[in-house]
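Have a look at the structure below before the remarks.
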Protein chains: 2
Amino acid sequence: MGLRERKKEKTRLAILDAALDLFLEQGYESTTIEQIAGAVEISPRTFFRYYTGKDHVALWFHDHGEQIMLETFAGRPADEPPFTSLMHALRAVLNDVEGVTPENEERFMKLRRLMEEHPRLMGLSMARGRATEQRLATAVAARRGVAADDDQLTHLIVGFAMSTLRVGFECPRSDATIGDVRQRMAECIELAEGSLRPGWDLRR
Amino acid sequence: MGLRERKKEKTRLAILDAALDLFLEQGYESTTIEQIAGAVEISPRTFFRYYTGKDHVALWFHDHGEQIMLETFAGRPADEPPFTSLMHALRAVLNDVEGVTPENEERFMKLRRLMEEHPRLMGLSMARGRATEQRLATAVAARRGVAADDDQLTHLIVGFAMSTLRVGFECPRSDATIGDVRQRMAECIELAEGSLRPGWDLRR
DNA sequence: ATGACTTATGGCACACTGTGACAGAAAGGT
DNA sequence: ACCTTTCTGTCACAGTGTGCCATAAGTCAT
């Protein structure tokens, strides 16, 4: 990896961290692009070359998580019930956050706090979640051997899985640690699996 | 109702219809507030006194639907399983669209077409859906006799119900009629109810 | 009707977001 | 060193959204 790419990655993360801190410090709405750019010592124009806007910064984790979910799902055995595979994908997302680097763990927790304080951001995350659902639905449909467009059950499976994710993610306590989130997510997965009829996601 | 309020309501709907037509005609992004205001012969400034922005216009139906869901849920018997009540609320939304006025029916279908063409709008609808979920969760928690904040099952019930709504709403065919949407929603409700264990939403 | 009161509207200025175009700087390869 | 590719900053511009204030329209007394 050349110097160029390393520098770009460094800038991308510097913007992310500066923005996150500013958002938490003085509020999301009242933080301007100019301030963020100033803190990283780049021009506002350059900011837009790394992120499409303020929103995009706040959704950094979402893109990351989606990638992991898709990869995990693809790696699960083809004869496993799709919802079960999706629950494994959920666990994989948290495993990744907890495991990789302390920096990412901190960013994750900052984003969680931010979303609690600003429901609009949580909404945006859901909005992007819709695109994620679409991609997951394609994968699930392929495994089920049906066309994604006209199989309602496929979409229902994915929708239920994403609901489970959201409920597990929205730990109500603001002083929550990663461990708390992890545990809540685990409880939530158990709750969801216990609510559904065995084999419900294998029907035609 | 005085002349003032009637006139306001008329303006509000005139803006909605003009905006919807412009969106479908020349695309959502490339339609400006100025154009909409021009079509209704009001100043751009006044537009913002009726709607908070272009997005808000596109979410007209959502606000309407949420109101109906909340009212329907509140009107269901207190000993009915909450998920069942929510499914009734879903049906009530469609009943209302189909029943009331031809104008609203047309607006509903225009919005559906618009959302299919512009996934971003569907996302925004989901974003607002998050606020709706919050309000529904409060109602469901009250019926279950628990605190909304720390009862995960409450949120799961609402989340599953909203997933069902979304899947039913996203009829894939763009030439769909109201009847098609209605039928698809009915199928989807049946599918969801058949996927869940009886009594799952009554547990503690 | 007339006047006084309340509310809606239009016009203006302003800050912020986001994008295209272009010139100069930095990095890569030879 | 040279040329090529890519990144960066500056400028200009269109659009969104809000505060402010004067004016117009509606409401409600007498």
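These figures come from a predicted structure and were not determined experimentally. By convention in this document, chain letters (A, B, ...) are assigned in the order of the sequence lines, proteins followed by strands, and residues within each chain are numbered from 1.
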Review point. Without hydrogens or angle criteria, can the side chains of A/Arg130 and B/Ser125 be said to hold a donor-acceptor pair below 3.5 Å?
Key: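 Note: A/Arg130 and B/Ser125 side chains miss the donor-acceptor criterion.
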Point to revise | Donor-acceptor side-chain pairing of B/Asn104 and B/His64 below 3.5 angstrom | key: no
Closer than 4.0 angstrom, basic N to acidic O: yes or no for [X] and [Y]?
| X | Y | answer |
| --- | --- | --- |
| A/Glu106 | A/Lys110 | yes |
| B/Asp63 | B/Arg128 | yes |
| B/Arg166 | B/Glu133 | yes |
| A/Arg144 | A/Asp201 | no |
| A/Arg112 | A/Glu116 | yes |
| B/Asp151 | B/Arg203 | no |

Check your understanding: Any side-chain heavy atom of A/Val93 within less than 4.5 Å of one from A/Phe61?
Key ->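 A side-chain contact under 4.5 Å exists here.
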Expected list for residues 1-16 of chain A: side-chain donor-acceptor pairs under 3.5 angstrom, two or more places apart:
unit_1	atom_1	unit_2	atom_2	d
A/Thr11	OG1	A/Lys7	O	2.9
A/Arg12	NH2	A/Tyr50	O	2.8

Rounded to the nearest 0.5 Å, what separates atom [atom1] in [X] from atom [atom2] in [Y]?
| X | Y | atom1 | atom2 | value |
| --- | --- | --- | --- | --- |
| A/Gln183 | A/Cys188 | CD | SG | 12.0 Å |
| A/Thr132 | A/Glu66 | OG1 | CD | 3.5 Å |
| A/Phe47 | A/Lys54 | CZ | NZ | 9.0 Å |

Review point. Between the main-chain N or O of A/Glu29 and the side-chain N or O of A/Arg120, is there a donor-acceptor pair closer than 3.5 Å?
Key: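 It does not hold such a pair.
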Review point. Which ones in residues 44-56 of chain B lie close to DNA chain C, meaning a heavy atom under 4.0 Å from one of its atoms?
Key: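 Output list: B/Arg45, B/Thr46, B/Arg49, B/Tyr50.
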Exercise for review: Would you kindly compare A/Ser43 and B/Glu34 by the position of their nearest DNA chain D nucleotide and give the one closer to the 5′ end?
Suggested key: A/Ser43
Practice item. At the 4.0 Å heavy-atom cut-off to chain B, mark where contacts on DNA chain C begin and end, going 5' to 3'. Key: C/dT6 to C/dC12
Practice item. On DNA chain D, reading 5' to 3', which nucleotide is the first and which the last to sit with an atom under 4.0 Å from a heavy atom of chain B, could you check? Key: D/dG15 to D/dT27
**Study point:** Pair assignment for DNA chain C - dot-bracket with | for other-strand partners, Watson-Crick or G-U under 3.5 Å
**Key:** |||||||||||||||||||||||||||.||
Practice item. Determine the interplanar angle of the A/His56 and A/Tyr51 rings, folded into 0 to 90°, and report it as parallel if under 30°, tilted if 30 to 60°, perpendicular if over 60°. Key: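 The arrangement is perpendicular - the two ring planes meet at more than 60°.
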Check your understanding: Got a sec? Which of residues 4-30 of chain A come in under 4.0 Å of DNA chain D, heavy atoms?
Key -> A/Arg4, A/Lys8
